[in-house]
Engineer: 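Below is one structure. I have some questions about it.
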Amino acid sequence: MIEYRNLRVALLGAGSVGSQVARLLLEQGDEFASRVGARLELVGIAVRDVDAPRDVDLPRELFTTDATSLILGADIVVELMGGIEPARGYVLEALNSGADVITANKALLATHGPELFEAAEQVGAQLYYEAAVAGAIPIIRPLRDSLAGDTVSRILGIVNGTTNFILDRMDATGETLADALATATHRGYAEADPTADIGGYDAAQKAAILASLAFHTTVPLEQVYREGITAITREQVESAREAGSVIKLLAICERLTDPETGEEGVSARVYPALISREHPLAAVRGAHNAVFVQAEAAGDLMFYGAGAGGVETASAVLGDVVSAARRHVVGGPGVAESTHAGLPVLDIGRVVTRYQITLSVADQPGVLAKVARILSDGGVSVETVQQSVPSSTGAVVISGNHPIHGAAAPTATLVIGTHEAEEAALAATVEALAASDVVTAVSSVLRVEGS
Ligand SMILES: NC(=O)c1ccc[n+]([C@@H]2O[C@H](COP(=O)([O-])OP(=O)(O)OC[C@H]3O[C@@H](n4cnc5c(N)ncnc54)[C@H](O)[C@@H]3O)[C@@H](O)[C@H]2O)c1
Ligand SMILES: N[C@@H](CCO)C(=O)O
Ligand code: NA
């Protein structure tokens with residue numbers, strides 16, 4: 001029998017993810033020892049209350065409330081408490097002591113990433129975080145290692161399971177957002193306070209992490225543009241379906257070049273957007289996650305699977321534990337987080353995409369021409385216009401300036417699909433449309449992504 005040396009693993013937190021990590025470390029000790037070339041000894045689990053009831057039966061003697069002593073005696077520290085403090089302080093203590101750290105804490109990384117990576121680099125320790133974005137799905141390691149020889153141009157991600165479940169449910173059943181959220185809560189997908197999910201904050205944290213990694217640039221969370229799904233209506237979901245599209249909350253990280261100055265920059269943003277049902281991301285149902293990556297040499301890649309769940313997320317954490325442990329066995333420096341590109345993060349106003357604008361208009365001669373002029377004055381080029389008249393005539397699809405037939409009711413709905421336009425130009429144009437006497441209401445403005 002091989003005599004392995006021990007590597008001491010300290011776990012901070014024993015909730016949904018932490019308890020599964022502890023169970024698997026204990027159950028699969030021999031297997032991990034063979035894979036790593038050292039025995040992974042779980043030396044303790046720091047929790048707030050050692051006697052709190054837990055889903056997983058774990059040896060009581062492992063639990064402690066003294067996180068600091070546990071950290072200082074460990075080779076590898078696994079932070080699964082969540083939140084900023086005391087997690088940040090513990091991660092810094094661990095790194096400063098020379099331990100490698102594994103964390104699933106996207107909130108901490110998105111707000112204090114540079115400080116933590118700097119601390120790791122100072123002592124030659126490693127900070128691993130595969131579980132922080134899209135749970136079990138391998139996306140951090142592919143971006144950091146597999147694509148290290150390529151140039152990532154764009155990432156489109158469904159990185160929040162709760163909102164994907166809600167939007168999918170609205171699409172499949174015709175439920176309102178409130179009813180779909182209630183179903184998500186009932187099934188245990190949504191938190192008691194779902195603000196971080198439906199407000200897009202969770203996805204924005206993940207976008208900051210992905211953009212920083214993909215573009216070798218620090219992308220602060222404050223510079224990630226964010227809109228949640230709270231304003232999405234049943235009518236928008238319905239009309240998307242009728243048009244062969246679906247609404248998804250997307251995290252978008254993009255490398256952009258200013259056409260005038262040639263200056264390179266990056267954009268990181270989160271918003272609900274229309275995508276064609278033909279796009280691979282449209283097939284991501286329920287609470288699943290997927291990340292679609294476009295790289296210059298590799299082309300299109302898609303990573304798909306469980307973005308959350310205790311045991312699923314534990315898989316990603318344990319992959320990192322094994323990586324860290326192997327480095328302890330083999331030795332040598334780890335990989336420093338690379339921010340050498342230092343690209344500017346561009347304002348949302350500079351982003352170029354397509355839009356769908358739904359207007360309620362007076363149904364009278366000259367209205368379409370007036371609407372078309374406002375769009376053209378704003379520098380927004382129209383690709384399609386669809387008019388529906390509530391009374392009887394249905395919808396007529398036209399393009400350019402061809403006349404609309406069959407308009408008889410006093411108000412009509414115009415659905416305008418634009419060519420690519422700059423966000424700032426689009427916003428100003430929507431304001432001008434809203435102010436126009438022929439527009440009764442701007443009912444919906446949605447970005448169109450994924451072409
Ligand atoms: N649950 C998921 O599906 C999922 C998926 C991806 C990432 N994550 C991330 O993983 C981390 C853990 O998530 P979770 O769902 O297991 O959380 P959880 O709330 O179920 O568990 C948190 C654990 O940390 C302990 N804890 C909290 N504060 C502490 C403190 N001050 N001192 C000691 N112990 C403390 C709690 O007692 C609990 O055992 C979070 O950062 C979360 O964002 C979770
Ligand atoms: N609340 C998150 C959990 C995983 O980060 C989600 O719904 O995807
Ligand atoms: Na992941």
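Just so you know, ligand 1 is whichever comes first in the structure, and atom 1 is the first atom listed for that ligand. Throughout, residue positions are numbered sequentially from 1 according to the sequence presented.
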Engineer: Measure the NE2-OG1 distance between His340 and Thr217 for me, rounded to the nearest 0.5 Å.
Structural biologist: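 Result: 7.5 Å between the selected atoms.
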
Engineer: Hey, does the Lys NZ or Arg CZ of Arg54 hover above the aromatic six-ring of Phe63, less than 6.0 Å from the centre and inside 45° of the axis?
Structural biologist: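 Relative to the ring axis of Phe63, which defines the angle, Arg54 lies inside both limits.
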
Engineer: Heavy atoms under 4.0 Å from ligand 2: which residues qualify?
Structural biologist: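 Within 4.0 Å of ligand 2, protein side: Lys106, Asn160, Gly161, Thr162, Asp197, Asp202, Lys206, Gly307, Ala308.
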
Engineer: Anything protein N, O or S sitting under 3.0 Å from the Na ion (ligand 3): count it and give me the total.
Structural biologist: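 For the Na ion (ligand 3), the figure is 5.
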
Engineer: Given Gln223, which partner from the list Asp347, Val345, Ile348 fulfils the side-chain contact (heavy atoms from CB on, under 4.5 Å) test?
Structural biologist: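 In the set Asp347, Val345, Ile348, the residue that makes a side-chain contact (heavy atoms from CB on, under 4.5 Å) with Gln223 is Val345.
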
Engineer: Closest approach of Ala87 and Gly82, non-hydrogen atoms and distance?
Structural biologist: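 For Ala87 and Gly82, the tightest heavy-atom pair comes out as CB-O, 3.9 Å.
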
Engineer: If every non-hydrogen atom of Ala74 is compared with every non-hydrogen atom of Ala99, which pair is closest and at what distance?
Structural biologist: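 Nearest heavy atoms, Ala74 then Ala99: O-CB, 3.7 Å.
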
Engineer: Nearest 0.5 Å, what's the CZ-CD distance between Arg154 and Glu296?
Structural biologist: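 That separation rounds to 14.0 Å.
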
Engineer: CZ of Arg354 to CZ of Arg447: how many Å apart, nearest 0.5 Å?
Structural biologist: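 Nearest 0.5 Å value for the CZ-CZ distance: 14.0 Å.
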
Engineer: If we ignore angles and hydrogens, is there a donor and acceptor under 3.5 Å between the side chains of His216 and Ser338?
Structural biologist: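 Note: His216 and Ser338 side chains meet the donor-acceptor criterion.
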
Engineer: I'd like the residue list for ligand 1, meaning every protein residue with a non-hydrogen atom under 4.0 Å from the ligand.
Structural biologist: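 Residue list for ligand 1: Gly13, Ala14, Gly15, Ser16, Val17, Ala46, Val47, Arg48, Leu80, Met81, Gly82, Pro86, Ala104, Asn105, Lys106, Ala131, Ala308, Gly309, Thr313.
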
Engineer: Measure from NZ or CZ of Arg255 to the centre of the six-membered ring of Phe215 and say whether it is under 6.0 Å with the direction within 45° of the ring axis.
Structural biologist: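 Judged by the rule, Arg255 and Phe215 form no cation-pi pair.
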
Engineer: With sequence neighbours left out, what residues match Tyr4 under side chain to side chain donor-acceptor pair (under 3.5 Å)?
Structural biologist: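 Tyr4 satisfies side chain to side chain donor-acceptor pair (under 3.5 Å) with no residue once adjacent residues are dropped.
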
Engineer: Using a strict threshold of under 4.0 Å (side-chain N to carboxylate O), is an ion pair present between Arg169 and Glu175?
Structural biologist: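 Salt bridge present between Glu175 and Arg169.
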
Engineer: Assess, by modelled atom type and distance only, whether the side chains of Asp193 and Thr195 contain a donor and an acceptor separated by less than 3.5 Å.
Structural biologist: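 Yes, side-chain donor-acceptor contact under 3.5 Å.
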
Engineer: Using ring centroids (six-membered ring only for Trp), state whether Phe165 and His288 fall under 6.0 Å.
Structural biologist: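 Distance test on ring centres: not under 6.0 Å, no.
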
